[in-house]
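Data block below; observations after.
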Amino acid sequence: MLIEPLTREHNRKSFDYGDEDVTSFLREKAMQDHERDLSRTMVLIDPKESPKRIIGYHTLVMTQVKQEEIPNDRPPITRGIPVILLGQLGVDGKYQGAD
């Protein structure tokens, strides 16, 4: 198994998570967001079986949390705190529950 950045060479059309939102994000939006530097999508593939078939993926997004969103912040932080958000996560239905 290998994790690598999403490229146009990967077969996004064959991926089916079983939930339309997760599936359509990978098929229709992930590559655009990746190329615009809005997020980073990494895919899991099996280079021996099929190097273009996506087994699973995750998308990370850089954002920040405002000080007022942090409960019981002591001492108060007066700036936004950079964080990485797990924006999407999916495993193709063929591989769900597989050992």
Salt-bridge present (Glu35, Arg8; N to O < 4.0 Å): yes
Closest heavy-atom pair and its distance - Leu26, Arg12: O-CD, 3.4 Å
CG-OG1 distance between Leu86 and Thr59, expressed to the nearest 0.5 angstrom: 8.0 Å
Check ion pair Lys94-Asp16 (N to O, under 4.0 angstrom): no
Nearest-0.5 Å distance that lies between atom CG in Leu6 and atom CE in Met31: 4.5 Å
Expected output: side-chain Arg40 to main-chain His34 donor-acceptor under 3.5 Å: yes
Any side-chain heavy-atom pair of His10 and Glu4 under 4.5 Å: yes
Interatomic spacing from CG in Asp33 to OG1 in Thr41 - rounded to 0.5 Å: 7.0 Å
Backbone N/O of Tyr17 and side chain of Gln96: donor-acceptor pair under 3.5 Å: yes
Identified ring pair (Phe, Tyr, Trp, His ring centres under 6.0 Å) partner of Phe15 from the options Tyr57, Tyr95, Phe25: Tyr57
Intermediate values then yes/no, side chain to side chain contact (heavy atoms under 4.5 Å, CB included), Ile84 and Met62: CA-CA 5 Å; Ile84 298 174; Met62 289 296 297; 3.3 Å; yes
Met1/Ile55 under side chain to side chain contact (heavy atoms under 4.5 Å, CB included): CA gap, chis, key distance, verdict: CA-CA 9 Å; Met1 299 291 179; Ile55 296 169; 3.6 Å; yes
Hphob cluster co-occupancy, Leu2 + Val43, side-chain heavy atoms under 4.5 angstrom: yes
Candidate pair Val22 and Gln88, rule side chain to side chain contact (heavy atoms under 4.5 Å, CB included), full reasoning: CA-CA 7 Å; Val22 176; Gln88 293 284 335; 4.0 Å; yes
Nearest heavy-atom neighbours spanning Thr23 and Gly18: OG1-N, 3.7 Å
Distance, nearest 0.5 Å, that separates NZ of Lys52 from CG of Asn11: 9.0 Å
Closest contact, heavy atoms only, Pro47 versus Pro51: O-CD, 3.7 Å
His58 side, atom NE2; Leu89 side, atom CG - distance, nearest 0.5 Å: 8.5 Å
Point-to-point distance, once rounded to the nearest 0.5 Å, from OG of Ser39 to CG of Leu60: 8.5 Å
